[in-house]
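Chain letters run A, B, ... following the sequence lines, proteins first and then strands; every chain starts at 1.
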2 protein chains.
Amino acid sequence: MDFYTRTGKMALGSRLRRLSEQMTEQAAAIYDLYQVDLQPKWFPVFYSLSPTEGKSITDIAREIGHTHPSVSQTVRELSTKGYVIEKKGETDGRKNFILLSPAGADVREKMQDQLDDVTSAIEKAMKETHNDLWRAIGEWEFLLEQKSLLRRVQEEQKIRESAQVQIIDYTPAHQSAFRQLNEEWITKYFRMEESDYKALDHPQEYILDKGGHIYIAVYKDEPVGACALIPMDDGGFELAKMAVSPRAQGLGIGYLIGQACIDKARALGARRVYLESNTALKAAISLYHKLGFRKVTGPPSPYERANIQMELML
Amino acid sequence: MDFYTRTGKMALGSRLRRLSEQMTEQAAAIYDLYQVDLQPKWFPVFYSLSPTEGKSITDIAREIGHTHPSVSQTVRELSTKGYVIEKKGETDGRKNFILLSPAGADVREKMQDQLDDVTSAIEKAMKETHNDLWRAIGEWEFLLEQKSLLRRVQEEQKIRESAQVQIIDYTPAHQSAFRQLNEEWITKYFRMEESDYKALDHPQEYILDKGGHIYIAVYKDEPVGACALIPMDDGGFELAKMAVSPRAQGLGIGYLIGQACIDKARALGARRVYLESNTALKAAISLYHKLGFRKVTGPPSPYERANIQMELML
DNA sequence: ATTAATTACGTAAGTGCTTACGTAAATGTA
DNA sequence: TACATTTACGTAAGCACTTACGTAATTAAT
């Protein structure tokens with residue numbers, strides 16, 4: 001008991017199982033009390049049946065939320081007990097329609113008191129609690145249907161890891177990382193061009209000295225992303241050489257480093273940030289949209305691979 | 001889903017199990033996400049261990065609320081994985097002390113992020129609910145520890161069945177039942193005496209005609225209890241011939257029919273109800289106590305079997 | 001100092017479900 | 001009209017536990 005408070009919410013599943021086990025364990029004793037010759041595990045199937053209307057195995061399974069083999073098994077057991085009658089489907093020879101036999105209907109009748117007593121026992125116990133277990137389960141069922149626990153945990157993971165990402169100013173020590181991160185995606189989709197070599201091999205000369213800026217994203221002491229601002233003739237900046245290592249995808253690094261660049265451009269008094277990209281890079285384009293960029297048509301680009309131009313007015 | 005609302009609270013156990021299954025099913029995927037090479041089922045045992053302090057199999061089992069074979073099995077699996085070290089007890093050769101190996105401690109370290117993320121994912125989800133599942137489970141654990149579900153259901157059964165018990169006035173048609181019910185317990189513990197035959201064979205003459213009264217308890221259209229009020233010289237009544245069929249025990253019939261007699265005595269203006277019994281009849285004596293009777297010493301009784309006298313002042 | 005009872009723990013088998021898989025019937029497609 | 005696909009359902013095996021049982025080691029009782 002104490003253990004579960006220490007492990008915390010991680011043990012929610014186990015704790016639920018233990019509680020349910022405690023309850024179903026008592027169920028057997030309760031059936032005895034009412035001298036109903038029915039195994040507790042049969043209850044869902046048994047209760048779903050009627051003496052008049054037959055139901056197929058799959059129908060029952062869907063209704064009670066078990067698998068069909070489980071229902072199939074239970075039906076066989078109920079059948080040897082003589083509580084149900086099986087009838088092959090007439091129009092559909094695969095189906096096996098199950099209905100309550102007279103003996104089964106009899107047991108069902110006798111069970112009514114038990115059902116009533118159990119219901120009121122539980123309802124009375126529930127009144128002693130402040131937190132309604134029945135409703136809480138319902139809410140969780142809804143919650144998990146909406147978004148799985150896995151997805152929720154993934155989101156938490158992302159939040160935690162994003163907090164460990166730092167956006168820092170470029171220093172000469174980052175040159176090789178800056179080149180490598182960019183070369184990686186350029187060669188994957190396109191080919192390195194003359195302007196790429198200039199900017200990546202000599203960022204000091206071709207970017208910084210011209211009044212530009214470079215940011216490096218660091219995650220767990222390793223550079224995993226980069227982005228540059230290159231001054232344009234109109235007083236604005238071009239956002240270029242945006243790169244995120246595939247190993248660090250999903251941490252929102254693109255957004256963080258892009259936003260850092262935009263903030264810097266604004267701080268430097270620019271009115272506009274411009275960029276060129278390629279529509280094949282779907283993730284990149286959608287990131288730019290998220291950052292506020294909109295498609296424009298401007299003067300032709302020096303880059304072969306550019307087939308889309310975007311801008312963001314500050 | 002709909003099925004569970006129809007079956008009502010009876011399905012509380014199943015519903016809990018299904019929810020817990022949904023959660024533990026996701027657990028495996030979550031472990032994958034963090035690349036922790038640990039089976040979810042190992043978690044409770046694994047988490048209970050430390051690298052310095054060894055714990056015996058039974059200790060672990062008690063702590064996490066599983067059985068010792070389950071722990072034994074898990075430890076063997078963790079052992080072949082190299083995550084734990086087993087050490088025979090030095091003072092007690094039966095014990096098998098388990099501690100985390102360096103490799104195990106390593107995994108434990110790596111798991112911390114996962115634990116944190118799962119905890120905050122669940123806590124965040126919980127904030128979206130109105131009924132706190134975690135607390136609700138805690139309350140139910142407490143509730144069931146206090147009084148088992150079986151006991152609670154038994155109480156409901158008793159309440160429901162007691163409502164079906166009716167206390168009615170004696171009519172001549174009840175004479176044989178009146179006699180049989182009393183003869184049953186008298187011959188079981190003692191022997192029939194002269195006064196018994198008189199009262200049971202001729203209740204009209206020996207009880208009613210003298211200004212006495214008889215009540216019959218009827219349950220499911222069958223007489224299952226009886227009790228008589230016989231007028232005494234002092235203006236009070238003697239409570240006598242109280243009998244409840246063993247087949248109808250536990251329905252509180254003794255109390256109901258006793259109370260009916262007391263009410264009647266009061267209505268007839270009596271100041272005192274008196275009775276004689278035997279201390280061997282523990283259940284009867286405690287019932288009389290519950291009805292308000294106290295032990296007294298009075299004149300000797302005509303009945304051989306009487307060894308205790310009680311009275312209730314109205 | 002024996003003998004009996006208790007405790008620790010391992011192995012085997014059972015439980016109430018599940019997934020995996022196979023077969024026959026029904027349905028869709030060319 | 002033949003073929004592939006889907007559906008219904010049964011059987012087998014697996015899963016994560018449990019209970020049942022047997023065997024040492026320890027402790028209590030005589």
Please produce a list of atom pairs where a protein N or O lies less than 3.5 Å from an N or O of nucleotides 18-21 of chain C.
residue : atom : partner  : partner atom : Å
dT18(C) : OP2  : Thr67(A) : N            : 3.2
dT18(C) : OP2  : Thr67(A) : OG1          : 2.7

- prompt: With a 4.0 Å cut-off, would you call Arg17(B) and Glu21(B) a salt bridge?
  reply: yes
NZ/NE/NH1/NH2 to OD/OE distance under 4.0 Å, Arg18(B) and Glu141(A): no
To the nearest angstrom, how far is [X] atom [atom1] from [N] atom [atom2]?
{"X": "Arg18(A)", "N": "dC17(D)", "atom1": "CZ", "atom2": "C1'", "answer": "13 Å"}
{"X": "Gln73(A)", "N": "dG14(D)", "atom1": "CD", "atom2": "P", "answer": "16 Å"}
{"X": "Phe43(A)", "N": "dG16(C)", "atom1": "CZ", "atom2": "C1'", "answer": "17 Å"}
{"X": "Lys88(B)", "N": "dT26(D)", "atom1": "NZ", "atom2": "P", "answer": "10 Å"}
{"X": "Ile64(A)", "N": "dC17(C)", "atom1": "CD1", "atom2": "P", "answer": "8 Å"}
{"X": "Lys41(B)", "N": "dG14(D)", "atom1": "NZ", "atom2": "P", "answer": "13 Å"}

- prompt: Hey, are the side chains of Arg62(B) and His68(B) touching, using non-hydrogen atoms and a 4.5 Å cut-off?
  reply: no
task: Would you indicate whether the side-chain heavy atoms of Leu49(B) and Ile98(B) approach each other to under 4.5 Å?
output: yes
Anything under 3.5 Å between a donor and an acceptor, one on a side chain of residues 27-34 of chain B, the other on a protein residue two or more places apart or in another chain? List them.
residue  : atom : partner   : partner atom : Å
Tyr34(B) : OH   : Asp117(B) : OD2          : 2.6

query: Who passes side-chain contact (heavy atoms from CB on, under 4.5 Å) against Arg76(B), sequence neighbours left out?
result: Gln73(B)
statement: Across all chains, not counting sequence neighbours, the side-chain contact (heavy atoms from CB on, under 4.5 Å) partners of Ser56(B) are Thr58(B), Asp59(B), Lys95(B), Phe97(B)
query: At under 4.0 Å between heavy atoms, what does Thr91(A) touch on the DNA or RNA strands: base, sugar-phosphate, or nothing?
result: sugar-phosphate
message: Can you list everything that forms a salt bridge (Lys or Arg N to Asp or Glu O under 4.0 Å) with Lys147(A)? Sequence neighbours excluded, please.
response: Glu155(A)
Scan nucleotides 6-8 of chain C against the protein and return all N/O pairs shorter than 3.5 Å with their distances rounded to 0.1 Å.
residue : atom : partner  : partner atom : Å
dT7(C)  : O2   : Arg94(B) : NH1          : 2.5

